[in-house]
Structures are given as structure tokens and as C-alpha cells.
Enquirer: 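Quick one: this structure, given as C-alpha cells, is what I'll be asking you about.
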Amino acid sequence: MNYVYAIAGLALSVFVANGLFKAGKFKATASKETLLGAGFGWVANIPFGTVRLIAWLEILGAIGAVLAPVAAYATGLVSADFASTAEAFKWVGVAAAAGLALTMLVAFIMHAVRGETKYTAKMTVPLFLVATAAAVLQAVVTLPLF
């Protein structure tokens, strides 16, 4: 049964990573005017470098949430000599998923302060919940399993 939970945790990681990778890629490549035109009103009030930083944190978190558990499993299969490396990869995956959850929590708070939750809660809340579930499943199930 633990394998089912581990696969569910990885599937949730892939789901949240897909959404945040796309969002991060858009923020990393679009101009300020494009972002403003797409409804990202908060971009007008903060330095554009911060927007790019948020974008790259989302991209790196998405990559880490998916690739770290896969790398941990792969290095664990290779040899017992890589056990410490596999353990480090496992924690990177948990940290990445938790970081994505934290990103969505901060995004929700920021949008609430700006009075935009009517429009943004439908995206930030589900992504927060899925990222939190992915982090918990990776920490509680996947770490001891692999």
C-alpha cells in the first residue's frame, strides 16, 4: 500500500510542478507590459527583478519536486555506495515541494492584501493544497520507502 501512496505523492508533485513550471516560464520570459496585460497587476508595484526571481524559484522548485525523488530512487538502485546521495536527493524533493507550497501561501496572502482573491484563489489555493500534500507524502511515505 505504501507504493500506492508513494506513486500518489510523485503524481501530485508532477501535477503541481507542471502548473508552476508553466507559470514560472511565463513570468521569466514575458515583458512587464505582457504580464500587466495578462492580469498580473501586482507586477506594477514591485521591482521587475523580483518578478524574475519569483519566476526562477517556481521553475527550480518544479524541477526539484519531480526530479529529486526520481534521482533518489535511481541512485538507490545503482549501488549501496550511493545511499547518502540518494538520501540527500530525497530531502531535496521534499524541500522543493514544501517551497512550492510556501510560494503559493505567500501568493495567496499577497493577493488577499491586494483584494484579488476573488480572481486568484481558484488557482493559488488548489496549488497550495496539492503542493502541501506532495511534500507530506514525499516526506512520510516516499522517504522511508526508497
Side-chain angles (χ1 to χ4, degrees), residues 1-76 83-146:
M1 189 64 167
N2 283 346
Y3 285 104
V4 173
Y5 290 132
I7 291 169
L10 291 174
L12 290 174
S13 295
V14 168
F15 175 77
V16 75
N18 181 44
L20 287 171
F21 183 83
K22 287 180 179 181
K25 183 180 173 195
F26 179 62
K27 289 178 200 137
T29 58
S31 68
K32 188 171 189 172
E33 292 76 26
T34 304
L35 290 170
L36 288 169
F40 291 78
W42 56 273
V43 172
N45 300 333
I46 63 172
F48 200 62
T50 304
V51 175
R52 296 289 194 218
L53 175 66
I54 292 168
W56 283 105
L57 290 174
E58 289 174 346
I59 290 169
L60 293 173
I63 292 169
V66 174
L67 290 185
V70 172
Y73 180 68
T75 54
S84 62
T85 305
E87 190 67 27
F89 277 135
K90 292 175 189 177
W91 284 109
V92 168
V94 173
L100 292 176
L102 182 63
T103 300
M104 288 297 94
L105 179 63
V106 170
F108 179 81
I109 292 168
M110 184 206 57
H111 290 300
V113 167
R114 291 179 47 83
E116 300 170 341
T117 53
K118 177 180 177 183
Y119 310 105
T120 60
K122 63 185 173 214
M123 193 58 131
T124 55
V125 171
L127 283 173
F128 168 74
L129 294 174
V130 172
T132 302
V136 169
L137 284 173
Q138 282 190 29
V140 174
V141 178
T142 307
L143 282 178
L145 189 61
F146 298 122

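Because the structure is a prediction, the values reported are computed rather than measured.
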Enquirer: Would you say the side chain of Trp42 lies within less than 4.5 Å of the side chain of Ile54, judging by non-hydrogen atoms?
Expert: yes
Enquirer: Please list every donor-acceptor pair under 3.5 Å in which a side-chain atom of residues 96-107 meets a protein atom from a residue at least two apart or in another chain.
Expert:
residue	atom	partner	partner atom	Å
Thr103	OG1	Gly99	O	2.8

Enquirer: Examine Phe26 together with Phe40 and report whether their ring centres are nearer than 6.0 Å.
Expert: yes
Enquirer: Pairs of donor and acceptor atoms involving the side chains of residues 30-39, under 3.5 Å and at least two apart or interchain, shall be tabulated with distances.
Expert:
residue	atom	partner	partner atom	Å
Ser31	OG	Thr34	N	3.2
Ser31	OG	Thr34	OG1	2.9

Enquirer: Just distance, no hydrogens or angles: give the donor-acceptor pairs under 3.5 Å from side chains in residues 63-71, sequence neighbours left out.
Expert:
none

Enquirer: Give the minimum heavy-atom separation between Gly41 and Arg114, together with the two atoms involved.
Expert: C-NH2, 3.3 Å
Enquirer: Say whether, by atom type as modelled, one donor and one acceptor occur between the side chain of Thr29 and the main chain of Lys25 under 3.5 angstrom.
Expert: yes
Enquirer: Could you tell me the separation between the CG atom of Leu20 and the CG atom of Leu60, rounded to the nearest 0.5 Å?
Expert: 12.0 Å
Enquirer: Sorted by first residue and then second, give each salt bridge (charged side-chain N to carboxylate O under 4.0 Å, His left out) pair with at least one member in residues 43-72; sequence neighbours left out.
Expert: Lys27-Glu58
Enquirer: Once ring pair (Phe, Tyr, Trp, His ring centres under 6.0 Å) is applied, do any residues pair with Phe48, and if so which ones, sequence neighbours excluded?
Expert: none
Enquirer: Would you mind writing out the side-chain donor-acceptor pairs for residues 117-128 within the sub-3.5 Å range, not counting sequence neighbours?
Expert:
residue	atom	partner	partner atom	Å
Thr120	OG1	Glu116	O	3.1
Thr124	OG1	Thr120	O	3.1

Enquirer: If you compare all heavy atoms of Ala55 against all heavy atoms of Ala28, which two are closest, and at what distance to 0.1 Å?
Expert: CB-N, 3.5 Å
